[in-house]
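Chain naming here is simple, since letters A, B, ... match the order of the sequence lines and numbering starts at 1 in each. None of the values given here were measured: they were computed from a predicted structure.
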Amino acid sequence: MSIVNTLKKSAIESLTALYAQSFTEKDFQVNQTKPEFEGDYTLVMFSLVKSLKFSPETIGQQLGEHLIKNYSQFFTAYNIIKGFLNLTVADSYWQDLLNKNYKKSCYGKKEFNGKKVMVEYASPNTNKPLHLGHLRNIFLGWSVAEILKANGYEVIKSCIVNDRGIHICKSMIAWQRFANGATPESAGSKGDHFVGKYYVKFNDVYREQVADLVKAGKSKDEAEKEAPIMKDTQQMLVDWEDGKPEVITLWKKMNNWVYKGFDVTYKSIGADFDKTYYESNTYLLGKDIVQKGMDKKVFYKKDDGSIWIDLTNEGLDEKIVQRSDGTSVYITQDIGLALHKYEQYKIEQSIYVIGNEQNYHMKVLQLICKKLLMPNADNMYHLSYGMVELTSGKMKSREGTVVDADDIINEMIATSQQHTEELGKVKDFMEDELTELYKTIGLGAMKFYLLRVDPKKTMIFNPAESIDFHGFTGSFVQYTYARIKSILRKQITNDLMPNDLMPNDFLKLEKEIIIAAEQYPAIIEQACTEHNPSVIANYVFNLSKTFNSFYAELSIANAESESKKQLRLKLSLFTANIIKSSMSLMGISVPERM
RNA sequence: GGCUCGGUAGCUCAGCUGGAUAGAGCAUCAGCCUUCUAAGCUGAGGGUCAUUGGUUCGAAUCCAAUCCGAGUCACCA
């Protein structure tokens, strides 16, 4: 149990004993003591005044006294300032914690709890390459999956590939018309980029055709519908649905180019999936559910044959679930896939990492599932994240302001190489080690930058800031780790000393480290309940900062005494382990040297 | 227009289940490398927590209204 929980429990028991009333955690607050006061944790007394009818000072006095008398293994001293009861935690408690855990690489992680969770993320379209927004999605999804694992869940990482539809046909048409049989190989281009080029080409041609038609006197709406290339694309979609062989062949060929490209990107950023769903396989799912929903009167049919659900009682609108021509809409397959996932894996929770532009859609989806009394309806969780914007405003593919994923990653790696070379600390590194290091630093910077912000918030991507190596960055944390490992290599020759040789009083900076380390398990838990990796990023940054102050102020190798040296080495190793563990929860590796 | 989300230092962000003088990083300025990695450390300046009212012993945090910004409300996906 964490010291905070121990404190809460002890305080509740003490209050009950003192005042013969029952109390709960909500009756008072526990905070970490501010640095300017004596003590480690603080109980706030004000909220107890009303029911106990004593002054906050009096309550604090009595409670403090009772705590150090009856829980002396945890608390050794107290002081009261106004209504704040500051408690000092026993050094023996910290020592014990340190000795038990400093070597453990799994510190803070929980045992398997028997529950299965699915995290769906990435979910790209196969008509263009991945961009910065996808990166936020992928890093988030991957990290949340790791955080869930650390909390004892079995996690299935999944991906739904949007591999069919009118947007896919657009790049197919353009390739057919304008590529002269070119392939990624012949063009020397990465498959997804290659296909993306034809998607852009489609839009160029389409715009021209629309403009010509407008010039010829058509209205804009008419022109957009009648542009020949658009008509051909629509025909191609019909042909695809009919399974026309040459269309299917082309579709497969081009999608495979894209998959090859995606795989390269996924591999370079460390993304992986346990299960990939393809829209071309799932888009018909859900149709029978619609039929059953009709029978249950959850849905109703309009005169033209289209099928709807009325959500106006829930404050939403009516929503179509099947077109008048009998084909399904986007949400239909989502209903089907949601049920399919549940039946296939019997998952406890189904997490969808999807941008907040789809908040409404996801709300409707879950509501429909609930109305259909689907067993998993309550366990769907939309991990909604904010858009990534540029300092110049939003990314717009039409205006060419989209930051390409591969480009930005390569740039990060190149910049980390340049910066590392300038610092000149890696002269004795082997070629392989250097390549690995640049990747570690560049990708680490990128991931940390995107994960350090609360997922639900829109974030601004500032290129200069993202490639920074100072302050609140991945490299700062990596550097701290490398520094610790360097000293450990030099100083730890034998096993560290047994417990009884430990000194009794921690210095302020030593204490700060052990307090921060003690909080790690609670942080992992918090990140999990909030589905929020930024909790980890903030934590590990603070831990690193604390360590760096400690490192600058106190000598480890030349400590005042051998026992102090042992203590500091343990604190260092403990910190290193936690850094490595935290960073791994964000998919960031840490270098032994840098 | 309806619904949802947001507004904290010049910039990027923490803090939001109410608690002590609102915190980091970047940027600016001043210091610290003959001793464990200076990708570091120490210090300084910088705030009407959008505005107004309310609840409370106590409000950046809760409630209401207003202003500003974003998203969304398709027989698109």
Side-chain angles (χ1 to χ4, degrees), chain A residues 25-26 28-29 31 33-34 36-37 42 44-47 49-50 56 81-84 86 125 162 164-168 279 283 302 304-308 315-331 333-334 355-361 363-364 384 386-387 389 391 394 416 419-420 422-423 425 441 449 452-454 456-462 464-466 468-473 475-480 482-491 534-535 537-538 541-542 544-545 547-559 568-569 572 593-594:
Chain A
E25 286 190 10
K26 287 183 179 157
F28 55 87
Q29 253 184 47
N31 300 324
T33 305
K34 304 245 166 198
E36 58 266 37
F37 303 104
T42 298
V44 186
M45 298 289 95
F46 298 104
S47 48
V49 170
K50 221 172 228 172
I81 296 167
K82 295 195 272 177
F84 299 93
N86 302 318
N125 292 339
N162 302 117
R164 51 139 251 137
I166 192 78
H167 52 298
I168 308 300
E279 195 191 339
Y283 81 109
K302 287 196 175 174
D304 61 3
S306 57
I307 299 178
W308 297 72
L316 306 176
D317 300 317
E318 294 181 311
K319 179 84 188 174
I320 189 162
V321 295
Q322 193 173 102
R323 297 188 187 101
S324 50
D325 63 5
T327 58
S328 49
V329 292
Y330 186 62
I331 203 158
Q333 62 173 310
D334 279 346
N356 62 10
E357 71 225 328
Q358 295 204 43
N359 283 357
Y360 181 77
H361 175 83
K363 203 169 161 183
V364 169
S384 162
M387 299 291 101
E389 294 182 0
T391 40
K394 291 188 180 181
S416 68
H419 187 73
T420 304
E422 277 167 14
L423 289 174
K425 297 185 194 176
I441 298 174
Y449 184 79
R452 68 183 203 181
V453 181
D454 186 339
K456 27 179 209 302
K457 292 195 176 173
T458 301
M459 66 172 289
I460 311 277
F461 182 84
N462 179 333
E465 210 173 69
S466 70
D468 198 357
F469 300 102
H470 306 277
F472 189 16
T473 64
S475 345
F476 175 92
V477 178
Q478 288 170 327
Y479 176 68
T480 309
R483 230 179 183 192
I484 297 175
K485 292 316 285 267
S486 166
I487 195 162
L488 293 180
R489 276 193 298 274
K490 289 176 189 158
Q491 299 300 329
S534 79
V535 169
N538 279 285
F541 170 63
N542 279 316
S544 301
K545 220 168 25 149
F547 183 86
N548 281 324
S549 299
F550 161 87
Y551 180 93
E553 190 69 26
L554 304 168
S555 178
I556 298 168
N558 300 309
R568 288 178 193 161
L569 285 170
S572 302
R593 308 195 288 164
M594 72 186 272

- Message: Strictly below 4.0 Å: does A/Arg323 bring a side-chain N or O up to OP1 or OP2 of B/A77?
- Response: yes

- B/G40 base stacked by A/Tyr479? Criteria: ring centres under 5.5 Å, plane angle under 30°. no

- Query: Any side-chain N or O of A/His470 less than 4.0 Å from the OP1 or OP2 oxygen of B/C26?
  - Reply: no

- Task: Write down the distance separating the P atoms in B/A59 and B/G53, rounded off to the nearest Å.
- Result: 14 Å

- Task: Determine the contact category for A/Val44: base if any of its heavy atoms lies under 4.0 Å from a base atom, sugar-phosphate if only primed atoms, P, OP1 or OP2 are that close, otherwise nothing.
- Result: base

- Task: Just say parallel, tilted or perpendicular for the rings of A/Phe46 and A/Phe84, cut-offs at 30° and 60°.
- Result: perpendicular

- Query: If each of A/Glu357 and A/Leu423 is mapped to the nucleotide of RNA chain B with the nearest heavy atom, which maps nearer the 5' terminus, i.e. the 5' end?
  - Reply: A/Leu423

- Integer angstrom distance from the P of B/C5 to that of B/A20: 27 Å

- Worked verdict on A/Phe476 versus A/Asn548 for side-chain contact (heavy atoms from CB on, under 4.5 Å): CA-CA 10 Å; A/Phe476 175 92; A/Asn548 281 324; 3.2 Å; yes

- Query: Looking across every strand, which nucleic acid part, if any, lies under 4.0 Å from A/Ala552 by heavy atom: base, sugar-phosphate, or nothing?
  - Reply: sugar-phosphate

- Query: Taking N and O atoms by type only, does the side chain of A/Ser534 place a donor or acceptor under 3.5 Å from a partner on the base of B/A14?
  - Reply: no

- Side-chain N,O (A/Lys457) to OP1/OP2 (B/U12) below 4.0 Å: no

- Note on the structure: Relative to its sugar, using the 90° cut-off around 0, the base of B/C29 is anti

- Tell me what A/Ile441 touches on the nucleic acid: a base, only sugar-phosphate, or nothing, going by heavy atoms under 4.0 Å. base

- Give A/Lys26 one of three labels, base, sugar-phosphate or nothing, depending on what nucleic acid heavy atoms sit under 4.0 Å from its own. nothing

- Less than 3.5 Å between a donor and an acceptor, one on the side chain of A/Asn548 and one on the base of B/A38, is that the case here? no

- Task: Using both distances under 3.5 Å as the test, list the Watson-Crick or G-U wobble partner of B/C67, or none.
- Result: B/G7

- Earlier contact from the 5' end, RNA chain B, for A/Arg593 and A/Val535: A/Val535

- A/His361 side chain near A/Ile331 side chain, heavy-atom distance below 4.5 Å: yes

- What class does the angle between the rings of A/Phe472 and A/Phe541 fall in, given that below 30° is parallel, 30 to 60° is tilted and above 60° is perpendicular? tilted

- Between B/U17 and B/U37 - P atom distance, rounded Å: 43 Å

- Just wondering, do A/Phe46 and B/G58 stack (centres under 5.5 Å, planes under 30°)? no

- Ignoring backbone atoms, establish whether A/Lys34 has a side-chain N or O less than 4.0 Å from OP1 or OP2 of B/A20. yes

- Report the C-alpha distance between A/Arg323 and A/Asp325 in whole Å, list the side-chain angles of each, state the deciding distance to 0.1 Å, and finish with yes or no for salt bridge (Lys or Arg N to Asp or Glu O under 4.0 Å). CA-CA 5 Å; A/Arg323 297 188 187 101; A/Asp325 63 5; 5.1 Å; no

- Message: Rounding to an integer number of angstrom, what distance separates B/A22 and B/C49 when you compare their C1' atoms?
- Response: 8 Å

- Task: Quote, to the nearest angstrom, the P distance that separates B/A24 from B/G47.
- Result: 15 Å

- Counting side-chain heavy atoms from CB outward, which of B/C26, B/A38, B/A20 is closest to A/Arg483? B/A38

- Query: With sugar-phosphate meaning primed atoms plus P, OP1 and OP2, does A/Phe541 contact a base, only sugar-phosphate, or nothing at under 4.0 Å between heavy atoms?
  - Reply: sugar-phosphate

